[in-house]
Amino acid sequence: MAQSSGDIIRIPPNHYVHILNKNSNVTQVEIGPKTLICHDHQIMTVGPEKMVIVPPRCYVIVENAIKRGEDGIPLIDKFGQVQLKHGEREVRIAQQPFPLYPGELLASSITKLNMVLRNQALRLRCVEPFIDGTGTSRLPGEEWLYEGPGLYIPNVHVEVIGEIKAVVIKENQALRLIATQDTTDKAKNYRVTGEEWMIKEIGAYLPGVFEKVVAIVDAFVLTDQRALHMRALRSFTDQFNTVRKCGEEWLITDQDIETYIPSVYEDLVRTVDLTVLTSRQYCVVMDPYDPVKGANQLGTKQLVQGPKNFFLKPNEKLERGIEDVYILSEEEGLILHAAERFEDVIKQENTESRYIRNPGDRWTIHGPMEYVPPVEVTVLRKTKAISLTESEGIYVRDIKSGKVRAVIGETYMLNHDEELWEKAIPKAIEDLLYRRTRASVTDVTKSRRKCRPAKSWSKTEEEKKEEEK
């Protein structure tokens with residue numbers, strides 16, 4: 001409220017007033033405790049107002065702040081008016097109570113300072129060029145982090161655009177990061193935009209201002225029954241100091257490392273289980289890996305006999321899975337076919353026979369024996385001896401000549417050039433043979449009854465039931 005001339009102005013402690021000199025049109029600030037008498041050329045335009053008190057750990061923003069000299073005293077222009085920084089703001093923290101000079105305004109209420117804890121940071125962006133407290137020149141658009149612990153004092157040239165918390169890396173874990181802009185990481189390594197890398201040190205990691213967390217990667221635990229099939233996404237040197245080319249594939253087992261975290265340049269194709277062969281099993285591996293040449297031998301096969309445990313290398317596969325060894329008795333055999341030329345070695349009991357097999361050859365082996373077919377051999381079928389009585393027989397056809405012959409009353413096993421032949425019989429003859437067979441059975445039953453002793457001529461209960469049927 002304006003006071004007229006001659007009025008007494010009493011200013012309490014921690015209060016202030018604005019006195020306007022009507023002659024010079026200059027407004028001055030008077031701070032209490034004080035008692036003033038307005039002269040004819042003076043008038044009170046503001047006050048008494050309470051001075052601004054900023055508590056500890058708080059701040060306030062003043063707009064159109066006054067200019068101060070190196071000693072902190074407000075600067076006065078030639079007219080005696082306090083100079084202002086028009087359009088600029090000033091952050092004031094806890095200090096002695098202060099008045100607002102003519103033209104100054106409170107741009108914010110009293111606000112608590114932001115407490116930044118350990119393993120936390122504020123992401124800051126410069127909006128106006130300035131030199132910070134460390135002497136670093138900041139340009140508009142530049143970003144950096146204010147890392148805790150500490151109290152962050154706001155700056156009118158800086159805006160807070162986010163808060164970042166540290167990521168905890170546990171045992172057998174790694175942090176996968178990507179650079180959003182060209183930057184230098186905490187290990188002083190230069191990173192280009194889009195580059196990815198791993199942080200494997202256990203503990204809390206606070207990402208940099210241009211670092212983005214892609215994922216937390218868990219390690220793969222390798223055992224004696226589990227391996228990893230890896231593929232290189234680009235040429236690099238792995239953690240075993242082995243140079244890997246782009247597209248190269250390899251296997252990692254527990255013999256190499258117990259736990260494995262793939263790098264950013266590796267891709268896990270699949271997990272490989274242990275292949276277990278007993279003493280009565282075998283398998284055929286297609287495109288086997290040659291450790292000398294360091295590559296798969298495409299188009300070849302490798303026979304693996306048990307007992308054995310192994311992991312399939314990359315690009316290897318089993319032709320027909322795990323198969324059982326052929327165990328042949330005396331009345332069993334195998335009909336085999338050769339796909340390519342090779343030397344066949346057959347071990348039977350205490351003897352060993354060698355034969356040269358040409359492509360397309362067919363032959364038969366007989367038991368007793370254990371047989372594992374080589375990769376050049378295909379097992380067509382398993383054959384078994386047919387036992388025939390004196391009144392039984394079979395027709396056998398030779399597949400080469402087409403001749404058919406009868407085999408009667410003996411034990412016979414088909415060889416590799418023979419097959420059973422079924423003779424077509426008219427229905428009338430089949431019926432006649434069926435009736436003859438029933439009649440012969442009835443005659444045999446009657447003859448047995450006639451040959452019984454006299455005391456057993458009476459019919460038994462079983463015979464009565466059989467006649468009723």
Side-chain angles (χ1 to χ4, degrees), residues 167-178 196-205 213-326 372-375:
V167 181
V168 179
I169 304 174
K170 301 179 181 179
E171 187 76 27
N172 293 328
Q173 283 186 340
L175 190 64
R176 185 168 182 170
L177 303 174
I178 185 173
E196 296 186 11
W197 69 98
M198 290 283 195
I199 303 296
K200 298 183 180 180
E201 289 77 11
I202 299 175
Y205 181 82
V213 177
V214 178
I216 297 178
V217 182
D218 294 323
F220 292 94
V221 179
L222 300 173
T223 64
D224 56 351
Q225 296 185 356
R226 184 188 185 191
L228 301 179
H229 179 182
M230 310 300 298
R231 180 190 293 122
L233 301 177
R234 52 162 286 184
S235 299
F236 75 106
T237 302
D238 64 12
Q239 56 185 285
F240 306 111
N241 293 325
T242 303
V243 177
R244 304 293 184 182
K245 296 182 179 179
C246 181
E248 181 181 350
E249 298 182 7
W250 66 97
L251 205 66
I252 298 177
T253 66
D254 61 334
Q255 302 296 323
D256 302 318
I257 195 172
E258 294 182 357
T259 58
Y260 187 73
I261 300 177
S263 70
V264 296
Y265 306 123
E266 297 174 86
D267 180 32
L268 176 64
V269 179
R270 63 187 179 94
T271 57
V272 182
D273 294 327
L274 184 69
T275 302
V276 181
L277 300 178
T278 65
S279 59
R280 290 292 184 271
Q281 291 178 329
Y282 73 97
C283 65
V284 177
V285 179
M286 302 179 65
D287 304 330
Y289 179 80
D290 188 351
V292 177
K293 297 181 179 179
N296 293 80
Q297 304 303 303
L298 302 179
T300 63
K301 299 179 181 180
Q302 180 182 359
L303 177 65
V304 181
Q305 293 182 247
K308 191 172 184 179
N309 302 332
F310 65 97
F311 290 106
L312 286 175
K313 298 293 190 301
N315 300 320
E316 290 184 345
K317 57 184 178 181
L318 299 182
E319 184 178 26
R320 294 181 297 273
I322 298 176
E323 302 181 82
D324 294 328
V325 174
Y326 290 95
V372 177
V375 295

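These numbers were taken from a predicted model, which means no experiment stands behind them.
- The closest side-chain heavy-atom distance from Phe240 to Ile257 is below 4.5 Å.
- To the nearest 0.5 Å, atom CZ of residue Arg176 and atom CH2 of residue Trp197 are 11.5 Å apart.
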Check the pair Met230 / Asp238 against side-chain contact (heavy atoms from CB on, under 4.5 Å), numbers first and verdict last. CA-CA 11 Å; Met230 310 300 298; Asp238 64 12; over 6 Å; no

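- Paired with Ile322 under the rule side-chain contact (heavy atoms from CB on, under 4.5 Å), one option of Val284, Leu277, Thr278 passes, and it is Leu277.
- Within the structure, the salt bridge (Lys or Arg N to Asp or Glu O under 4.0 Å) test picks out the following pairs touching residues 272-291 (sequence neighbours left out): Arg280-Glu370.
- Proximity of Leu274 to Phe311: side-chain heavy atoms (C-beta onward) are separated by under 4.5 Å at one or more points.
- Counting heavy atoms from C-beta on, the side chains of Pro288 and Thr300 come closer than 4.5 Å.
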Kindly indicate, with the supporting measurements, whether the criterion side-chain contact (heavy atoms from CB on, under 4.5 Å) is fulfilled by Phe220 and Leu268. CA-CA 10 Å; Phe220 292 94; Leu268 176 64; 3.3 Å; yes

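- Crowding of Gln297 atom CD: a count of heavy atoms from other residues, nucleotides or ligands under 6.0 Å exceeding 12.
- With rounding to the nearest 0.5 Å, the separation of CG in Leu318 from CE in Met286 is 10.0 Å.
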Working for side-chain contact (heavy atoms from CB on, under 4.5 Å), residues Val272 and Arg270: CA-CA 6 Å; Val272 182; Arg270 63 187 179 94; 3.8 Å; yes

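- Scanning both residues, Leu312 and Leu251, for their nearest heavy atoms gives O-CD2, 3.7 Å.
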Evaluate side-chain contact (heavy atoms from CB on, under 4.5 Å) for Leu175 paired with Met198, printing each intermediate quantity in order. CA-CA 6 Å; Leu175 190 64; Met198 290 283 195; over 6 Å; no

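- Pairing each heavy atom of Arg234 with each of Tyr265, the nearest pair is CD-CD2, 3.1 Å.
- Atoms CD and CG, on Glu319 and Leu303 in that order, are 10.5 Å from each other to the nearest 0.5 Å.
- Heavy-atom neighbours of Lys200 NZ from other residues, nucleotides or ligands within 6.0 Å: above the threshold of 12.
- Considering CG of Asn315 and CG of Leu298, their distance stands at 7.5 Å, rounded to 0.5 Å.
- The line from CD of Gln225 to OG1 of Thr253 is 13.5 Å long, rounded to the nearest 0.5 Å.
- Glu248 and Val243 get closest at one heavy-atom pair: OE1-O, 4.0 Å.
- Looking at every heavy atom in both residues, Asn309 comes nearest to Val276 through OD1-CG1, 3.2 Å.
- Distance alone, capped at 3.5 Å, places no donor-acceptor pair between the Asp224 side chain and the Asp254 backbone.
- Heavy-atom minimum distance, Ser235 versus Lys245: OG-CA, 3.7 Å.
- With hydrogens and angles disregarded, a donor-acceptor distance shorter than 3.5 Å links the side chain of Glu316 to the backbone of Tyr289.
- Between the CD1 atom in Ile252 and the CD atom in Gln239 there is a gap of 7.0 Å [rounded to 0.5 Å].
- Between Glu201 and Ile199, the closest heavy-atom pair is OE1-CG2, 3.4 Å.
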